[in-house]
Asker: 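Have a look at this one.
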Amino acid sequence: MEISFYNTLSRKIEKFETLEKNKVSIYSCGPTVYDSSHIGHARSAIVWDLLVRFLRYAKYEVLWARNITDIDDKIINRASELKIHPEKLARIESFKFWKDMYALNISTPDFEPKASENIGIMINFIEALINKNFAYRTETGDVYFRVSAFPNYGKLKNLNREKEISRIEHTQNKESDSDFALWKNFDETSYCFDSPFGKGRPGWHLECSAMIKKYFGNTIDIHGGGEDLIFPHHENEIAQSEALNGCPFAKYWLHNGMIMINGRKMSKSENNYITINESLEKYSANAIRFFILTAHYRQALNYTEEALISSQNTINKLFKNLKNIDLNNIENNLNKEILNNFDLAMSNDLNSPKALAIVFEAIKTNDLKDLNTAFYILKILGFNLSEDTSNKEFNLDNFEDLFNLLLDLRKQAKENKNYELADKIRDSFSKAGFQIKDSKEKSEVIRI
RNA sequence: GGCGACAUAGCCAAGCGGUAAGGCAGAGGUCUGCAAAACCUUUAUUCGUCGGUUCGAUUCCGACUGUCGCCUCCA
């Protein structure tokens with residue numbers, strides 16, 4: 001299977017060739033754990049989960065790392081508002097994040113490093129940069145990356161530093177306004193770490209560079225993240241890592257588009273976000289995944305109730321076919337042609353909307369093999385094939401006699417043209433959360 | 001001001017040189033006592049506007065209009 005991805009670095013679709021045959025190293029930027037995650041984070045998680053699942057399906061040996069930023073001013077500020085230790089807040093929010101990830105059926109990353117557990121390697125990283133003259137200490141005990149020493153700075157964002165109007169505040173201690181912090185000095189006792197540069201905390205950009213080096217070495221195959229991270233975060237990661245290692249940092253840079261709400265990017269600071277948890281109270285995880293996958297991962301996507309309801313309706317309809325599928329033998333009865341179309345769609349920069357269209361076309365044929373293939377594809381796309389049925393399909397066993405009695409009474413009433421009684425029985429079922437499905441042969445009860 | 005992305009039916013959304021996938025909603029039908037469910041059929045002579053290239057453009061090029069993102073923490 002020939003796969004290609006849009007590489008932010010070249011701004012082109014490129015053929016995917018791994019550094020090492022059949023092996024893929026992927027790093028995607030994880031959350032800063034100070035508050036609940038929202039649908040924007042869900043999209044990011046689902047997109048990278050999709051990438052990992054697809055590459056594994058394509059027979060690659062994938063190792064995926066996603067970090068947790070647990071050292072950050074926002075965590076410290078929020079913790080102090082709540083009068084708890086930052087570590088406790090980070091732990092609470094990490095658990096919430098994992099709970100969301102589990103609910104959304106996101107694969108477990110192979111590595112999930114925390115900043116707080118990798119201070120040592122970050123300090124080593126900084127010292128090596130200082131030794132190579134790519135970083136300098138200030139009188140106040142901070143350490144900054146010397147951007148002027150790295151000529152390639154700006155290659156990811158394609159920025160022209162001469163013409164940039166920097167909004168970065170001028171700081172007296174920095175050699176240049178565009179230099180960024182590798183270590184920030186803090187004398188306060190609240191939440192600091194010892195280092196050769198004095199007590200303080202590492203700069204945000206550093207943890208990803210340090211962790212990638214720790215788990216994957218100097219170069220990785222794919223680095224992913226939200227497109228809002230391109231600058232300055234990813235640009236700075238490149239600067240640090242390539243300055244130190246003297247070789248390319250990531251071969252492919254993939255970025256997911258933003259979730260929009262009311263025409264604006266969903267974000268904490270705009271206070272216009274819907275948390276994953278809130279959304280899951282209204283819609284199933286499969287519906288949320290479907291909503292995310294209906295758009296190509298690089299496009300902006302609007303979160304609207306209408307779109308989510310639409311996705312939920314679609315999933316409900318789609319999963320009614322699941323009862324005809326033997327999940328244990330799903331891999332043994334596949335339509336190769338459909339699967340081939342799926343491969344083509346997904347290998348073209350993860351065209352999930354097209355992949356979903358292939359699923360619907362497969363279901364239309366009324367062929368069991370095609371139906372089976374459709375669900376096999378849904379499984380690869382990360383849909384949970386047990387979720388939407390276990391709750392909705394009612395197991396009649398315990399109520400069989402009672403329900404059959406009522407259905408018989410209704411049938412008799414209808415035969416006697418006693419529609420008042422017949423409708424009363426139907427309404428009663430409805431009030432109790434059940435629906436009577438009439439067909440020519442029989443009537444059955446399903447849970448709504 | 002710099003960099004970049006996007007504009008396709010009521011809504012969501014693929015396609016990106018050969019004459020518009022798919023989903024939701026809607027409409028009609030079959031079924032029904034009436035419904036619901038299910039099933040079948042149906043819904044853009046047209047892809048923001050104006051030019052250009054081409055035998056042919058939604059797809060390429062240019063201009064314009066509009067929307068959005070990044071340049072500050074951000075998935």
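Atoms considered below: every heavy atom in the structure, side chains included; atoms not considered: hydrogens, waters and symmetry mates. A, B, ... follow the sequence lines: proteins, then strands. Residue 1 opens every chain.
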Asker: Within the pair Lys265(A) and rA75(B), is there a side-chain N or O less than 4.0 Å away from OP1 or OP2?
Answerer: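 Negative; the distance criterion is not met.
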
Asker: With respect to Phe5(A), which candidate in Phe54(A), Phe16(A), Tyr297(A) satisfies the ring-ring contact (aromatic ring centres under 6.0 Å, His included) definition?
Answerer: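 That would be Phe16(A).
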
Asker: Could you give the distance separating rG66(B) and rG28(B) at their C1' atoms, to the nearest angstrom?
Answerer: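 Comparing C1' positions in rG28(B) and rG66(B) gives a spacing of 38 Å.
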
Asker: Considering only rA14(B), rC24(B), rA38(B), which nucleotide approaches the side chain of Lys354(A) most closely?
Answerer: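 Nearest nucleotide to the side chain: rA14(B).
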
Asker: Please tell me which of Phe290(A) and Met266(A) maps to the more 5' nucleotide of RNA chain B, matching each residue to the nucleotide holding its nearest heavy atom.
Answerer: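 Between the two, 5'-proximity favours Phe290(A).
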
Asker: Please tell me which of the listed nucleotides, rA21(B), rC73(B), rA75(B), lies nearest to the side chain of Glu361(A)?
Answerer: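 Nucleotide nearest to Glu361(A)'s side chain: rA21(B).
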
Asker: Checking all strands, does Ile230(A) fall into the base, sugar-phosphate, or nothing category for heavy-atom contacts under 4.0 angstrom?
Answerer: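 Here Ile230(A) touches no strand at all.
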
Asker: For a quick check, with a 4.0 angstrom heavy-atom cut-off, what is the B/S/- contact string for nucleotides 29-36 of chain B, read 5' to 3'?
Answerer: ----BBBB

Asker: What's the closest nucleotide to the side chain of Phe231(A) if the choices are rA21(B), rA13(B), rC71(B)?
Answerer: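 The answer is rC71(B).
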
Asker: Once you round it to whole Å, what is the distance between C1' of rG4(B) and NZ of Lys155(A)?
Answerer: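 In whole Å, rG4(B) C1' and Lys155(A) NZ are 18 Å from each other.
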
Asker: Rounding to the closest angstrom, what is the interatomic distance between rG22(B) and rU43(B) at atom C1'?
Answerer: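 It comes out at 14 Å once rounded to the nearest Å.
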
Asker: Using OP1 and OP2 only, check whether a side-chain N or O of Arg298(A) sits under 4.0 Å from rA5(B).
Answerer: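 No, no such contact exists.
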
Asker: Heavy atoms under 4.0 Å, any strand shown: does Ala307(A) hit a base, just sugar-phosphate, or nothing?
Answerer: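 Contact class for Ala307(A): none.
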
Asker: Measure the distance from CG on Leu318(A) to P on rA38(B) and round it to the nearest whole Å.
Answerer: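 These atoms are roughly 12 Å apart.
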
Asker: Taking the six-membered ring for Trp, are the ring centroids of Phe95(A) and Tyr102(A) within less than 6.0 Å of each other?
Answerer: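 Judged by ring-centre distance (under 6.0 Å), Phe95(A) and Tyr102(A) do not meet the cut-off.
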
Asker: Is there a Watson-Crick or G-U wobble partner for rG26(B) with both distances under 3.5 Å, and which nucleotide is it?
Answerer: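 Per the H-bond distance test, rU42(B).
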
Asker: Looking across every strand, which nucleic acid part, if any, lies under 4.0 Å from Gly257(A) by heavy atom: base, sugar-phosphate, or nothing?
Answerer: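 Result for Gly257(A) = base.
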
Asker: Consider the side chain of His41(A), meaning its heavy atoms from C-beta on, and name the nucleotide among rG22(B), rC24(B), rA75(B) that approaches it most closely.
Answerer: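 Selected nucleotide (nearest to the side chain): rA75(B).
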
Asker: Centre-to-centre under 6.0 Å for Phe434(A) and Phe403(A), is that the case here?
Answerer: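 For Phe434(A) and Phe403(A), the ring centres are under 6.0 Å apart.
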
Asker: Quick check on RNA chain B: between Ser269(A) and Asn348(A), whose nearest nucleotide comes earlier from the 5' end?
Answerer: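 That would be Asn348(A).
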
Asker: What is the distance, rounded to the nearest whole Å, between atom NE2 of His234(A) and atom P of rC71(B)?
Answerer: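 Checked: the NE2 to P distance equals 13 Å.
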
Asker: Quote, to the nearest angstrom, the C1' distance that separates rU30(B) from rA35(B).
Answerer: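 Approximately 15 Å lies between the C1' atom of rU30(B) and that of rA35(B).
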
Asker: Could you tell me which nucleotide pairs with rC47(B) by Watson-Crick or G-U wobble geometry, both distances under 3.5 Å, or answer none if nothing does?
Answerer: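 Here rC47(B) is not engaged in any pair, so there is no nucleotide opposite it.
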
Asker: Has Lys320(A) got a side-chain N or O lying under 4.0 Å from the OP1 or OP2 atom of rA38(B)?
Answerer: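 True: Lys320(A) side-chain N/O within range (under 4.0 Å) of rA38(B) OP1/OP2.
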
Asker: If we take the C1' atom in both rU58(B) and rA9(B), what is their distance in whole Å?
Answerer: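 The answer is 14 Å between these two C1' atoms.
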
Asker: Choose from rA13(B), rC6(B), rG22(B) the nucleotide whose nearest atom is closest to any side-chain atom of Gln299(A).
Answerer: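 Out of rA13(B), rC6(B), rG22(B), the nucleotide with an atom closest to Gln299(A)'s side chain is rC6(B).
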
Asker: Give me the distance, rounded to whole Å, that separates rC16(B) from rA21(B) when you measure between the C1' atoms they each carry.
Answerer: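 Here rC16(B) and rA21(B) have their C1' atoms 14 Å from each other.
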
Asker: I want to know whether Tyr191(A) and Phe193(A) have ring centres closer than 6.0 Å.
Answerer: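 Yes, they do, as the ring centres are separated by less than 6.0 Å.
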
Asker: Rounded to whole Å, please give me the gap between CG in Leu156(A) and P in rA5(B).
Answerer: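 Value for this atom pair: 13 Å.
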
Asker: Please state how far atom CD in Glu227(A) lies from atom C1' in rC3(B), giving the value in whole angstrom units.
Answerer: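 Rounded to whole Å, this separation is 13 Å.
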
Asker: If we call it a pair only when both distances are under 3.5 Å in a Watson-Crick or G-U wobble match, what pairs with rG1(B)?
Answerer: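 Here rG1(B) is engaged in a pair, and the nucleotide opposite it is rC71(B).
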
Asker: Is it true that Phe342(A) and Tyr57(A) have ring centroids separated by less than 6.0 Å?
Answerer: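 They qualify: ring centres under 6.0 Å apart.
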
Asker: Taking only the side-chain heavy atoms of Ala295(A) (C-beta and beyond), determine which of rG4(B), rA13(B), rG23(B) contains the nearest atom.
Answerer: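 Closest nucleotide to the Ala295(A) side chain: rA13(B).
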
Asker: Ignoring hydrogens and angles, tell me if any N or O in the side chain of Arg78(A) forms a donor-acceptor pair with the backbone of Asp73(A) under 3.5 Å.
Answerer: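 No, Arg78(A) side chain to Asp73(A) backbone: no donor-acceptor pair under 3.5 Å.
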
Asker: Partner of rC60(B) by Watson-Crick or G-U wobble geometry, both contacts under 3.5 Å, or none?
Answerer: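 Partner of rC60(B): rG52(B).
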
Asker: Under a 3.5 Å cut-off for both contacts, is rC16(B) paired Watson-Crick or G-U wobble with anything, and if yes, with which nucleotide?
Answerer: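 When the pairing criteria are applied, nothing turns out to pair with rC16(B), so the answer is none.
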
Asker: So if I take every side-chain heavy atom of Asp228(A) and compare against rC3(B), rA75(B), rA25(B), which nucleotide ends up nearest?
Answerer: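 Nearest listed nucleotide: rA75(B).
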
Asker: Are any side-chain N or O atoms of Asn7(A) and backbone N or O atoms of Glu14(A), one a donor and one an acceptor, separated by less than 3.5 Å?
Answerer: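 No: the side chain of Asn7(A) does not pair with the backbone of Glu14(A).
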
Asker: Is any side-chain N or O of Arg11(A) closer than 4.0 Å to OP1 or OP2 of rA5(B)?
Answerer: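 For rA5(B), OP1/OP2 do not have a side-chain N/O of Arg11(A) under 4.0 Å.
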
Asker: Among Tyr144(A), Phe125(A), Phe180(A), whose ring-ring contact (aromatic ring centres under 6.0 Å, His included) with His205(A) holds?
Answerer: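 Only one of Tyr144(A), Phe125(A), Phe180(A) forms a ring-ring contact (aromatic ring centres under 6.0 Å, His included) with His205(A), namely Phe180(A).
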
Asker: Should rA7(B) form a Watson-Crick or G-U wobble pair with both distances under 3.5 Å, which nucleotide is its partner?
Answerer: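 Per the H-bond distance test, rU65(B).
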
Asker: Roughly how far apart, to the nearest Å, are rC60(B) and rG15(B) at atom C1'?
Answerer: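 That atom pair is separated by 15 Å.
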
Asker: Determine: side-chain N/O of Asn313(A) to OP1/OP2 of rC24(B), distance under 4.0 Å, yes or no.
Answerer: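 Checking rC24(B) against Asn313(A), no side-chain N or O comes under 4.0 Å of OP1 or OP2.
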
Asker: Rounded to the nearest Å, what distance is computed from the CZ atom of residue Phe360(A) to the P atom of nucleotide rA14(B)?
Answerer: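 The answer, rounded to whole Å, is 14 Å.
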
Asker: Could you tell me whether His38(A) contacts a base, only the sugar-phosphate backbone, or nothing, with contacts defined as non-hydrogen atoms closer than 4.0 Å?
Answerer: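 Result for His38(A) = base.
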
Asker: At under 4.0 Å between heavy atoms, what does Ile259(A) touch on the DNA or RNA strands: base, sugar-phosphate, or nothing?
Answerer: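 Base contact.
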
Asker: Send over the distance from Phe291(A) CZ to rA14(B) P, rounded to a whole Å.
Answerer: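 Rounded to whole Å, this separation is 12 Å.
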
Asker: Which of these nucleotides, rC73(B), rA75(B), rG4(B), is closest to any side-chain atom of Thr32(A)?
Answerer: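 My answer, after comparing the listed nucleotides, is rA75(B).
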
Asker: Could you check which of rG22(B), rC24(B), rG69(B) has an atom nearest any side-chain atom of Ser310(A)?
Answerer: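 Output: rC24(B).
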
Asker: Centre-to-centre under 6.0 Å for His234(A) and His255(A), is that the case here?
Answerer: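 That pair passes the under 6.0 Å test.
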
Asker: Measure from OH on Tyr6(A) to C1' on rA5(B) and round the result to the nearest Å.
Answerer: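 Computing the Tyr6(A):OH to rA5(B):C1' distance gives 8 Å.
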
Asker: Measure from the side-chain N and O atoms of Thr314(A) to the backbone N and O of Ser310(A), and report whether any donor-acceptor pair falls under 3.5 Å.
Answerer: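 Yes, Thr314(A) side chain to Ser310(A) backbone: donor-acceptor pair under 3.5 Å.
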
Asker: Roughly how far apart, to the nearest Å, are rU65(B) and rA20(B) at atom P?
Answerer: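 Between the two P atoms, the distance is 32 Å.
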
Asker: Which of these nucleotides, rC11(B), rC73(B), rC70(B), is closest to any side-chain atom of Lys157(A)?
Answerer: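 Given the options rC11(B), rC73(B), rC70(B), the side chain of Lys157(A) is closest to rC70(B).
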
Asker: What contact category does Gly40(A) fall into here, base, sugar-phosphate, or nothing, at under 4.0 angstrom with non-hydrogen atoms?
Answerer: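 The residue Gly40(A) makes base contact.
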
Asker: How about Phe216(A) and Tyr27(A): are their ring centroids closer than 6.0 Å?
Answerer: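 Phe216(A) vs Tyr27(A): aromatic centres not under 6.0 Å.
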
Asker: Taking the P atom of each, how far is rG48(B) from rC11(B), in whole Å?
Answerer: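 Roughly 14 Å separates the two P atoms.
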
Asker: Between Tyr215(A) and Phe111(A), what is the ring plane arrangement, given parallel below 30°, perpendicular above 60°, and tilted in between?
Answerer: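 Parallel: the ring planes of Tyr215(A) and Phe111(A) meet at under 30°.
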
